Each structure stands twice: as C-alpha cells, then as structure tokens.
Amino acid sequence: VLSYWQKNDLTLAKQKMVEEVASIKWIETDSEIEALLLEANLIKKYQPYYNVLLRDDKRFLYIKVSLDDEIPGVFAVRNLDKSGKYFGPFTSSTAVKVALKTIRKIWPYCTARHRQLQPCFYYQVGRCTGICAGKISQQEYLEKVIKPIILFLSGEKSKIIKNLEAGIWKLEKELKKMSATNSDYEAKTEELARLKFELLNMNKILATAEVVNVSEKYANDVIELAKILNLPKVPARIEGYDISNIFGHEATGSMVVFHDGEPDKNEYRKFKINNLSLRGAPSTLGATRQSTRRGDGSRVMGDTQMLQQVMTRRLSNDWPLPDLIIVDGGKAQLNAISKVLAKHKLNIQLIAISKGEGLRSGIAPDKLFFPGEAKPLELPLASPALHLIKRVRDEAHRFVITYHRNLRSKSFLR
C-alpha cells in the first residue's frame, strides 16, 4: 500500500485515487485464502470506482461448484450459467488457483465430470476420493466433500466445525468400546485422523466466520440484482408490497423495506384499506374495474385497486423514496402501481413477481414482470437476484398476512 505514495510512475487513474484517499483501514486475516475471499466479498459489496477489473465481467473469476455434473466438482470459471453454485468474484487468477489447491487438501474433490473405469491422476496423489471410479458412493462424496466446500465458501465455518466435532466425538466413543483386533478398528482410526486433520486446518488455515457472513451475502445479492436487471444504479432502498383480504373483509396492505439487501423492520408500514365500495376507488388513477362480490351482493375494490390506494397513501407521506419497488402479483398489479407512480411523476424502478398458474411449491418458476415489457422474465432458481426479489416478496406477504389475521381476530372477538 505504501508503494502508492512512493512511486512516481502511477497512472492518471491511480494518481486520482490516491488523492481521494481519506483513510486506510486494515483487516487482518489468518491466511491468504481468507484474504482472497474477503477481498472478493468487499469488492462486490462496495463496487469501488477505480477497481476496473470488476467492470468487465470477462476479466474476473468465480469458483463454481458444478452440482449438475455426474460427478460434482469445483472449478474456476469466468462465465456464469444457469447451473451450479458460484462464489466470487476474484481479481487474481493465481490466488484462486492457490485457494482451490488449499481446499482440495482438506476436501479432495474430483474434476472428472463423468465416471470412468480407472481413477483419475489426482486419486493417485491423494487429491481425489476416487468417486470417478466408484471408490466411494455418490452420497458419501456429497456429504464428505461437496457439502463442506459449499459451507466453507458460504462462510458457514461454525457449521463445519460443529459437524467435525460431532463426528470426532462419535468415533472416539466407538473406538473406546472397540477392540484393536476388530476388523473395523483400523478404518475408524483412519477416519478419526482425517476428521481431526480437517478440524485443525479449518482453525489454522481456512477462513474465519467474517469472510462471507449473511449480511455480506445480502449485499452481494443487491449487486447481482442491479447487474442482471440492468438497473441504472444499485438499489440501496427496496420496498415490497402485498395485499391481503377475504372478499373485501379486513382488507390490508403492507410495505416492507430492505436496505442493502437486509430487512429494515423499523421502516415497515401497514395499511388498513379504506372506502372499500367501488365508489371509493381511486378512479382518477385509471384503476381497473376488477372487483370482488361479497355474500350480500355488494361489490368492493379488487386487489389492484387496493394496491393503488396503498401506494397513493404511501406517497402522501414524506418517507424516503425507494430505488426499487417489488410487488407481489402479475401484470395487473404492475400496471396498478405504474399508474400511481406516473400520476406523481416518479421514475422508480418497478418489478412484479408472480408464480406460474396453480404452482405454489418452492420449485415453481417465478415470473418477473417489468413496465413496457410484454413477456415476463424467468431467472434460474440459483440466481442471487431472484433470491433477493423472493425475500422481499415473501417478507411483504408474511407481514401483511400477520396484520390481516390480527384484524380478523379482533373482529371475531367483537
């Protein structure tokens, strides 16, 4: 770092960067691999202006865990596709290679994507478990190699240590009761030594829990969201909206707020829908005429008109404006919000997220609707951007359902 102030041959960009430095913060790590992961994480979170390496997606690396291959492996890649899990980005290809070598010493993963008659070369040098030639089962390989690697790269060091300590305790207990002449004694002794080796390296070589914690992951998801959706800037404040009612009774709306990818519950707001009859609908906004018929034959506002009322009331307050709005619903809900924003002359990014027809399971495809786009976008289930959008949608749904049930309970007691 000191060299930036000692060299006279800095580029104009680096000269400008040095002039703008206000302070320097040191973050100590226990190893190069920890520093590597931390660097990648901080770059994704803060998007430093002068870090030109990350402004060209073809010039930096990710670590990919290829879950869709016949033999799941771990690879350094530059392009992201719809399958597998990705970690990064990393600015140094050399550092990534060193990191993968370190990881492979602890968890000997295989890079042969398909099974073969003979074990690969790395099996012969102790860097592969032999999954490629059926030396261990697929399930054992996933449990002992792939899952721990994913946990480590996700920053879940505590879970790995807990699992290792539990395995060590179990084996030590079994060995105490077992005779040295038992046919399984040697195998269990070797397994115990392996677990202790992994635990030793986790504590001395690999990352601490600070490398990729949950809040950092959420911040990374916001960056991915901005990139994939081509947003003009990374959304610092995201608001999510949902409506809940039963045939117009105890109709409620919710607004949840996320800052840097994390929920900010102090900013949450709930709305009790007023003037439910159609005559109370905000017709000046061009609301749709969708409505709900009650048991007594009267008609009340539909969800889109309720949503318009919520948004209109929200904008009547002096709360900070969001960079992105996410609404639970499809094209109708998107259009309803768009009309309110247009009336207030606000240019705020807007997304509606909807499940496919009749699909409510966790693997059902989510459709993303955008203003001016005829067809919805479907992101892969592994997409960090989709994870964030769904978190906002689900939190808005949870919040509005809780409020709706509370109102129903109070109504029932009256």
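By convention here, the first residue in the shown sequence is residue 1. Keep in mind it's a predicted model, so treat the numbers as computed, not measured.
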* **Glu373 side chain vs Lys375 backbone, donor-acceptor pair below 3.5 Å** => no
* Under the side chain to side chain contact (heavy atoms under 4.5 Å, CB included) test, residues paired with Gln349 that sit two or more places apart -> Leu231, Pro232, Leu324
* **Atom of Arg314, atom of Pro322 and distance for their closest heavy-atom approach** => NH2-CD, 3.7 Å
* To do: Output, in order, the C-alpha distance, side-chain angles, deciding distance and verdict of side-chain hydrogen bond (donor to acceptor under 3.5 Å, both in side chains) for Glu143 and Gln139.
  => CA-CA 6 Å; Glu143 290 293 332; Gln139 185 61 33; 3.1 Å; yes
* To do: List in chain and number order the residues that pass side-chain hydrogen bond (donor to acceptor under 3.5 Å, both in side chains) with Lys188, two or more places apart in sequence or in another chain; answer none if no residue qualifies.
  => Glu174
* Asked: Under 3.5 Å, is there a donor-acceptor pair between the side chain of Arg237 and the main chain of Asp323?
  -> no
* Structure fact -> Pro371 meets the side chain to side chain contact (heavy atoms under 4.5 Å, CB included) criterion, sequence neighbours left out, with Leu334, Ser338, Leu350
* To do: Identify, with sequence neighbours excluded, every residue that meets side chain to side chain contact (heavy atoms under 4.5 Å, CB included) alongside Lys345.
  => none
* Asked: Are any of the side-chain nitrogens in Glu165 or Lys162 under 4.0 Å away from the carboxylate oxygens of its partner?
  -> no
* **Salt-bridge contact Arg393-Asp242 (side-chain N to carboxylate O under 4.0 Å)** => no
* For Leu315, side chain to side chain contact (heavy atoms under 4.5 Å, CB included) partners two or more places apart -> Met311, Leu321, Val340, Leu341, His344, Leu346
* What pairs with Lys265 under side-chain hydrogen bond (donor to acceptor under 3.5 Å, both in side chains), at least two apart in sequence or on another chain? -> none
